[in-house]
Amino acid sequence: MIADGSVAYGPHTGIPALPFYQYRKTVLKPYKKGYPIIPQTLGEHIKKVRMDKGLLQKEVAEIINVSEDTITYWENGRFVPQIQYYPAIISFLGYYPFTHETESMAGKLRQVRYCTGLNIAKCAQLLGIDIDTVKRYEAGRPIRTVAIKSIIHKMWLELSKSQKTQYRQD
């Protein structure tokens with residue numbers, strides 16, 4: 001019987017709710033506007049990590065030692081970072097954001113250049129070869145000189161673990 005005097009019919013009438021059953025619904029927090037779920041560019045990697053860490057563009061700019069506008073341009077794809085900023089960017093990200101292979105000598109050479117911020121001219125000077133040879137090596141041409149192979153390999157071994165760890169989408 002209900003308080004107003006009418007009678008209720010049904011299978012669960014008069015049975016109190018079960019107090020030991022607690023329903024909890026867990027949902028993922030929605031991504032913020034503009035959040036790059038699968039970053040493709042270096043700027044998107046910067047934006048993703050910045051948003052994950054809850055940092056402002058101004059704070060990232062101070063870390064990388066560039067202007068706030070530069071970070072904005074990188075994140076929005078208006079400009080691409082120059083190689084001289086790659087070491088600071090890779091350090092900020094905590095991983096190597098580039099997708100090229102890194103197992104061959106060509107891949108290791110490119111990874112060393114990016115992680116150390118060497119442009120092709122400085123790399124050529126360091127290796128004692130001409131610029132076109134560095135370009136050919138990065139394009140996959142075999143490195144026949146043992147001395148150059150050993151220099152590249154030594155420089156690659158000196159990279160930190162985070163500089164060698166490539167981005168993986170989980």
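Because only heavy atoms are used, hydrogens play no part in the values below, and waters and symmetry mates are left out as well, while side chains stay in.
- Residues Leu118 and Leu42 do not share a hydrophobic cluster, defined by chaining ILVMFWY side chains whose heavy atoms lie under 4.5 Å apart.
- Between His45 and Tyr95 the shortest side-chain heavy-atom distance falls below 4.5 Å.
- Using a 4.5 Å heavy-atom threshold, the side chains of Tyr85 and Thr70 count as separate.
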- Query: Please walk me through it: do Cys123 and Leu109 pass side chain to side chain contact (heavy atoms under 4.5 Å, CB included)?
  - Reply: CA-CA 9 Å; Cys123 182; Leu109 174 59; 3.7 Å; yes

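- With a 6.0 Å cutoff to the six-membered ring centre and a 45° limit on the axis angle, Lys164 counts as a cation-pi contact of Trp156.
- Side-chain atoms of Gln111 come within 3.5 Å of backbone N or O of Gln163 as a donor-acceptor pair.
- Residues Glu44 and Gln40 share a closest heavy-atom pair of OE1-N, 2.6 Å.
- Residues Val49 and Trp74 share a hydrophobic cluster, clusters being chains of Ile/Leu/Val/Met/Phe/Trp/Tyr side chains in contact below 4.5 Å.
- Heavy-atom minimum distance, Gly94 versus Ser162: O-CB, 3.5 Å.
- Residues Val60 and Leu56 do not share a hydrophobic cluster, defined by chaining ILVMFWY side chains whose heavy atoms lie under 4.5 Å apart.
- Here Cys115 contributes atom SG and Ile89 contributes atom CD1; the two are 11.5 Å apart, rounded to the nearest 0.5 Å.
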- Query: Could you go step by step and tell me if Lys135 and Glu138 meet the side chain to side chain contact (heavy atoms under 4.5 Å, CB included) rule?
  - Reply: CA-CA 5 Å; Lys135 289 179 183 178; Glu138 281 192 2; 5.9 Å; no

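- From Ile71, atom CD1 reaches atom NZ of Lys58 across 13.5 Å, with rounding to the nearest 0.5 Å.
- Using a 4.5 Å heavy-atom threshold, the side chains of Asp52 and Tyr35 count as touching.
- In this structure, CZ in Arg110 is found 8.5 Å from CD1 in Ile120, a value given to the nearest 0.5 Å.
- A distance-only check finds a donor-acceptor pair linking the side chain of Asp130 to the backbone of Asp132 [under 3.5 Å].
- Atom-to-atom distance recorded for Ile152:CD1 and Lys108:NZ is 10.5 Å, nearest 0.5 angstrom.
- Phe92 places a side-chain heavy atom less than 4.5 Å from the side chain of Leu55.
- Residues Leu157 and Leu127 share a hydrophobic cluster, clusters being chains of Ile/Leu/Val/Met/Phe/Trp/Tyr side chains in contact below 4.5 Å.
- Contact detail for Pro36 and Lys48: the closest heavy-atom pair is O-CD, 3.5 Å.
- Distance alone, capped at 3.5 Å, places no donor-acceptor pair between the Glu101 side chain and the Ala106 backbone.
- Rounded to the nearest 0.5 angstrom, Glu59 CD and Glu68 CD are separated by 10.0 Å.
- In terms of modelled atom types and a separation under 3.5 Å, the side chain of Gln166 and the main chain of Phe98 share a donor-acceptor contact.
- Residues Met105 and Ile129 share a hydrophobic cluster, clusters being chains of Ile/Leu/Val/Met/Phe/Trp/Tyr side chains in contact below 4.5 Å.
- The shortest non-hydrogen separation linking Tyr86 to Tyr114 is CB-O, 3.1 Å.
- Residue Arg144 holds its CZ atom at 12.0 Å from CD1 of Ile148, rounded to the nearest 0.5 Å.
- The backbone N or O of Ile143 sits less than 3.5 Å from a side-chain atom of Lys149, completing a donor-acceptor pair.
- A 4.5 Å side-chain heavy-atom check between Val80 and Thr41 finds every atom pair outside the cut-off.
- Ile90 is listed as a side-chain neighbour of Pro97, based on a closest heavy-atom distance under 4.5 Å.
- Around NE2 of His100, the count of heavy atoms belonging to other residues, nucleotides or ligands within 6.0 Å exceeds 12.
- Two residues are said to be in side-chain contact when any heavy atoms from C-beta on lie closer than 4.5 Å; Thr99 and Tyr167 fail this criterion.
- Ile151 is not listed as a side-chain neighbour of Leu126, based on a closest heavy-atom distance of 4.5 Å or more.
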